[in-house]
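Data block below; observations after.
What you see is a predicted model; the values in this text were computed from it and never measured. We number each residue from 1, following the sequence as shown.
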Amino acid sequence: MVKGYSALQIKLHWAVVALVALQLIFHEGMSDAYSAGIKAGALTFSLPVILHFICGSTITALVLWRLMIRQERGVPPAPEGEPNIFKKLGKIAHIAFYVVLLSFPVTGAVAWGSANVDAAFVHETLKKILLVLIALHIAAALVHQFVW
């Protein structure tokens, strides 16, 4: 039975956190470049666009790596005192994180590659869902640490 997350899993987690934070902090540069490109009828690669692409690609690679490790190693069991409903919600939240994080590059590529505003809308909606998941994740981590 797995007793805790490995050092590599923890490092990958925090690397993804840092890169996602950068994507959120510097989002406006990418958003402005996309809006200007749509208005001009041609999307061009500026520094914010290239950095967004590199950062997003790195997040995708790290998330896939985390999934491979998770498949090989498993995850620690839920705390003894955690109610079953929260165990199930935790599993759903983890799946949602992976789905959202792996959907970003797809929707971003479609939005940018074909100037598809619907894909851009989905990409932006995913950002809002991710922010909710992050808030729930932080709250759950605090409850795990101090309650269960």
Side-chain angles (χ1 to χ4, degrees), residues 4-76 78-79 82 85-148:
Y5 289 104
S6 70
L8 178 58
Q9 286 172 302
I10 293 167
K11 287 176 186 173
L12 289 172
H13 171 272
W14 288 108
V16 169
V17 169
L19 291 169
V20 166
L22 285 173
Q23 291 288 67
L24 294 170
I25 291 167
F26 295 109
H27 169 263
E28 291 308 312
M30 179 63 188
S31 182
D32 292 347
Y34 185 79
S35 295
I38 292 295
K39 287 178 187 168
L43 296 168
T44 59
F45 286 93
S46 60
L47 183 60
V49 173
I50 293 167
L51 293 175
H52 188 79
F53 174 79
I54 290 170
C55 204
S57 297
T58 304
I59 291 168
T60 303
L62 295 178
V63 167
L64 290 171
W65 190 5
R66 286 186 67 193
L67 276 171
M68 289 188 311
I69 293 169
R70 185 182 181 100
Q71 183 67 32
E72 290 172 8
R73 188 174 193 284
V75 297
E82 183 175 14
I85 186 70
F86 290 108
K87 290 177 186 177
K88 290 176 184 171
L89 289 172
K91 288 179 183 181
I92 291 167
H94 278 97
I95 291 167
F97 261 117
Y98 286 112
V99 168
V100 168
L101 289 171
L102 293 173
S103 297
F104 271 118
V106 175
T107 58
V110 171
W112 190 266
S114 60
N116 186 314
V117 293
D118 292 331
F121 175 78
V122 172
H123 196 72
E124 284 294 311
T125 302
L126 287 172
K127 181 180 86 171
K128 292 172 184 154
I129 293 169
L130 181 63
L131 290 170
V132 170
L133 287 171
I134 290 169
L136 291 172
H137 184 66
I138 291 168
L142 291 171
V143 169
H144 278 107
Q145 183 66 34
F146 298 110
V147 177
W148 296 316

I'd like to check V132 versus L136 (side-chain heavy atoms, cut-off strictly below 4.5 Å). Are they in contact?
yes
Knowing that exactly one of F45, F104, F53 qualifies, which makes a ring-ring contact (aromatic ring centres under 6.0 Å, His included) with W112?
F45
Quick one: CG on L8 to NZ on K11, what's the gap to the nearest 0.5 Å?
7.5 Å
Drop me the distance from I129's CD1 to E124's CD, to the nearest 0.5 angstrom.
11.5 Å
So L64 and L102, do their side chains get closer than 4.5 Å, heavy atoms only?
yes
Listed by chain and number, what are the side-chain hydrogen bond (donor to acceptor under 3.5 Å, both in side chains) partners of H144, not counting sequence neighbours?
E82
Closest heavy-atom pair and its distance - C55, L22
SG-CB, 4.3 Å
Donor-acceptor check, side chain of S31 to backbone of H27, threshold 3.5 angstrom: yes or no?
no
Grab the two heavy atoms, one from L126 and one from V100, that are nearest each other, plus how far apart they are.
O-CG1, 3.8 Å
What's the spacing between H137 NE2 and L130 CG if we round to 0.5 Å?
11.0 Å
Please determine whether the number of non-hydrogen atoms from other residues, nucleotides or ligands lying under 6.0 Å from atom OH of Y5 exceeds 12.
yes
Side-chain contact, heavy-atom cut-off 4.5 Å: F97 with I134?
yes
Can you measure from NE2 (H52) to OH (Y34) and round to the nearest 0.5 angstrom?
11.5 Å
Shortest non-hydrogen contact from L43 toward I38
CD2-N, 3.8 Å
From I92 CD1 over to K87 NZ, what is the distance, rounded to the nearest 0.5 angstrom?
14.5 Å
How close do L51 and Q23 get, heavy atom to heavy atom, and via which atoms?
O-OE1, 4.5 Å
Where is the tightest heavy-atom contact between I69 and Q9, given as atom of each residue plus distance?
CG2-CG, 3.5 Å
For H13, all residues meeting side-chain hydrogen bond (donor to acceptor under 3.5 Å, both in side chains), sequence neighbours excluded
none
So which atom in A111 and which in A119 form the shortest heavy-atom distance, rounded to 0.1 Å?
N-CB, 3.6 Å
Has K91 got more than 12 heavy atoms of other residues, nucleotides or ligands less than 6.0 Å from its NZ?
no
For Y98, look at atom OH and say whether over 12 heavy atoms of other residues, nucleotides or ligands are found less than 6.0 Å away.
yes
